[in-house]
Amino acid sequence: MRTLSSFLLVVVSVTFFSCKNEKETPKVIYEEAKDTSVETIEIPKVDSTSIKVADLPILMEGTKYLIHPVGDVRVYESYRSSYGSSKTNQVSYAISNYNRFELTGYFDNLKFQHIDSTSVCALTTKKVQIQTVTYLHDIAQKTKKQILVYTLVDSDTNRDGKIDQKDIKSLYLSNADGSMLTKISDDLNEVIDWNIIEAQNRIYFRCLEDINKNGAFDKKDKVHYHFVNLTDDTWKAEEYFPIN
């Protein structure tokens, strides 16, 4: 019995120290924080093949532009045995989901096409990961301005060589045809949430700034509050201070 108790004590101790030593991957790695004395260890990547694909287009109600989401399909090799084979492929061609006035997923561009045209125009030429696209239908009904709101990643902030959901999320606006794409959140500020106040024709949003420069977003960091007047010719975020 004493031997068993000693064994359990060792297991609990190892588990405690293992958990204590685990570090959450930061969303931001600053240039001055890079340690050049430590040798970089290359982590083996999952064996996969990248295939560029577009989902079937969607048409936001009230607009005249088809939206084609574009992204990568991954074909992963699984080493499970199947019908005598040593490995099988797993494939999914769906890269986005559409719910009235909102498009969600992980895709690297949008292509816009007028319903009376065959030409297609890309939203951006930069490498990004678009996560949500929301059409402001009620604002359009009221002001006749057709606006899309995007949450997307536009920079490899954690310096892992990829632009994905592990990087800082930003907030953008554009017209319904993809023109006038404008970033309204500040660089290196993580977007928390946003909402629309129709009575003011404004979009309000909150962001976190990593003021202690530890690479993570936590309760010690600063929350910034902004709004943008959607009826302005140019969209410029103004900061306000509800806590003061």
Side-chain angles (χ1 to χ4, degrees), residues 27 45-78 87-141 145-158 160-185 187 190-191 193-194 196 203 205 230 235:
K27 277 207 165 186
K45 296 180 180 179
V46 178
D47 186 16
S48 63
T49 303
S50 177
I51 301 173
K52 193 72 66 178
V53 69
D55 268 354
L56 295 177
I58 59 101
L59 180 66
M60 299 286 191
E61 182 182 323
T63 73
K64 294 185 177 182
Y65 288 89
L66 298 175
I67 300 177
H68 304 259
V70 177
D72 289 331
V73 168
R74 299 285 179 174
V75 182
Y76 292 95
E77 290 187 347
S78 171
K87 56 186 177 181
T88 58
N89 288 335
Q90 297 177 336
V91 184
S92 174
Y93 288 93
I95 61 173
S96 65
N97 296 290
Y98 177 61
N99 190 9
R100 194 179 183 215
F101 305 133
E102 185 174 58
L103 186 65
T104 61
Y106 297 111
F107 32 96
D108 56 36
N109 215 335
L110 298 175
K111 300 293 183 70
F112 292 84
Q113 178 185 4
H114 192 280
I115 56 175
D116 296 327
S117 173
T118 57
S119 63
V120 177
C121 182
L123 174 68
T124 180
T125 57
K126 297 180 179 179
K127 185 169 179 59
V128 298
Q129 184 194 72
I130 302 169
Q131 298 176 2
T132 67
V133 186
T134 307
Y135 175 55
L136 303 183
H137 177 265
D138 292 339
I139 290 291
Q141 294 285 92
K145 292 195 70 170
Q146 298 184 335
I147 300 172
L148 297 173
V149 182
Y150 307 82
T151 57
L152 59 83
V153 176
D154 61 6
S155 181
D156 178 21
T157 56
N158 64 3
D160 65 351
K162 297 178 289 185
I163 291 180
D164 56 24
Q165 60 271 28
K166 295 179 182 178
D167 297 305
I168 286 179
K169 182 170 58 180
S170 300
L171 198 63
Y172 280 73
L173 301 175
S174 86
N175 292 319
D177 61 355
S179 64
M180 207 172 126
L181 182 65
T182 305
K183 184 175 183 176
I184 59 173
S185 60
D187 290 339
E190 172 84 347
V191 174
D193 53 12
W194 62 271
I196 301 295
I203 179 171
F205 61 96
L230 297 170
W235 296 311

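- The OG1 atom of Thr182 sits 10.0 Å away from atom CD1 of Ile147, with the distance rounded to the nearest 0.5 Å.
- Note on ring orientation: taking the six-membered ring where Trp is involved, the planes of His137 and Phe101 are parallel (angle under 30°, cut-offs 30° and 60°).
- In plain terms, the two heavy atoms of Leu171 and Trp194 that are nearest each other are CD1-CD1, 3.8 Å.
- Side-chain atoms of Asp55 and Tyr98, non-hydrogen and from C-beta on, never get closer than 4.5 Å to each other.
- The line from CG of Asp116 to OH of Tyr65 is 9.5 Å long, rounded to the nearest 0.5 Å.
- Without hydrogens or angle criteria, Asp164 side chain to Lys166 main chain gives a donor-acceptor distance under 3.5 Å.
- Atoms CD and OG1, from Glu102 and Thr132 in turn, are 6.0 Å apart once rounded to the nearest 0.5 Å.
- For the pair Asp138/Ile196, no side-chain contact is recorded, criterion being any heavy-atom separation below 4.5 Å from C-beta on.
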Determine, stepwise, if the pair Ser119 / Ser117 fulfils side-chain hydrogen bond (donor to acceptor under 3.5 Å, both in side chains).
CA-CA 6 Å; Ser119 63; Ser117 173; 2.9 Å; yes
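- A donor-acceptor distance shorter than 3.5 angstrom exists from the side chain of Gln129 to the backbone of Gln165, with no hydrogens or angles considered.
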Walk me through it: do Ile203 and Trp235 pass the test side-chain contact (heavy atoms from CB on, under 4.5 Å)?
CA-CA 10 Å; Ile203 179 171; Trp235 296 311; over 6 Å; no
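- The OG1 atom of Thr63 lies 8.0 Å from the CD1 atom of Ile115; values are rounded to the nearest 0.5 Å.
- For the pair Asp72 and Lys52, the salt-bridge criterion is met [side-chain N within less than 4.0 Å of a carboxylate O].
- Annotation for Lys111: atom NZ does not count as buried by contact number, only 12 or fewer foreign heavy atoms lying within 6.0 Å.
- Side-chain contact between Leu148 and Phe112 is present, with heavy atoms from C-beta onward closer than 4.5 Å.
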Test Ile67 against Leu123 for side-chain contact (heavy atoms from CB on, under 4.5 Å), laying out the working first.
CA-CA 10 Å; Ile67 300 177; Leu123 174 68; over 6 Å; no
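- At most 12 heavy atoms of other shown residues, nucleotides or ligands fall within 6.0 angstrom of atom CG in Asn99.
- Here the closest non-hydrogen pair linking Phe107 and Ser96 is CE2-CB, 3.8 Å.
- The shortest non-hydrogen separation linking Gln113 to Thr118 is NE2-CA, 3.7 Å.
- Residues Ser170 and Tyr172 have side chains in contact (heavy-atom distance under 4.5 Å, counting atoms from C-beta outward).
- Here the NZ atom belonging to Lys27 is positioned 9.0 Å from the CG atom belonging to Asn158, to the nearest 0.5 angstrom.
- When all heavy atoms of Ala140 and Gln146 are compared, the pair lying nearest together is CB-CG, 4.1 Å.
- Taking a cutoff of 4.0 Å between a charged side-chain nitrogen and a carboxylate oxygen, Lys183 and Asp154 qualify as a salt bridge.
- Counting heavy atoms from C-beta outward, Ile163 and Asp108 have side chains that stay 4.5 Å or more apart.
- Of the inter-residue distances, the one linking Leu66 atom CG with Leu110 atom CG reads 12.5 Å to the nearest 0.5 angstrom.
- Inter-residue side-chain proximity for Glu190 and Ile168 is flagged as met; some heavy-atom pair is nearer than 4.5 Å.
- No donor-acceptor distance shorter than 3.5 angstrom exists from the side chain of Thr157 to the backbone of Asp167, with no hydrogens or angles considered.
- Around the NZ atom of Lys64, the shell of radius 6.0 Å holds no more than 12 heavy atoms that belong to other residues, nucleotides or ligands.
- Side-chain contact between Val128 and Asn109 is absent, with no heavy-atom pair separated by less than 4.5 Å.
- With contacts defined as side-chain heavy-atom distances shorter than 4.5 Å, the pair Glu61/Tyr135 does not qualify.
- Heavy-atom minimum distance, Val153 versus Gln131: CG2-NE2, 3.5 Å.
- Here the closest heavy-atom approach between residue Ile184 and residue Phe205 is recorded as O-CZ, 3.3 Å.
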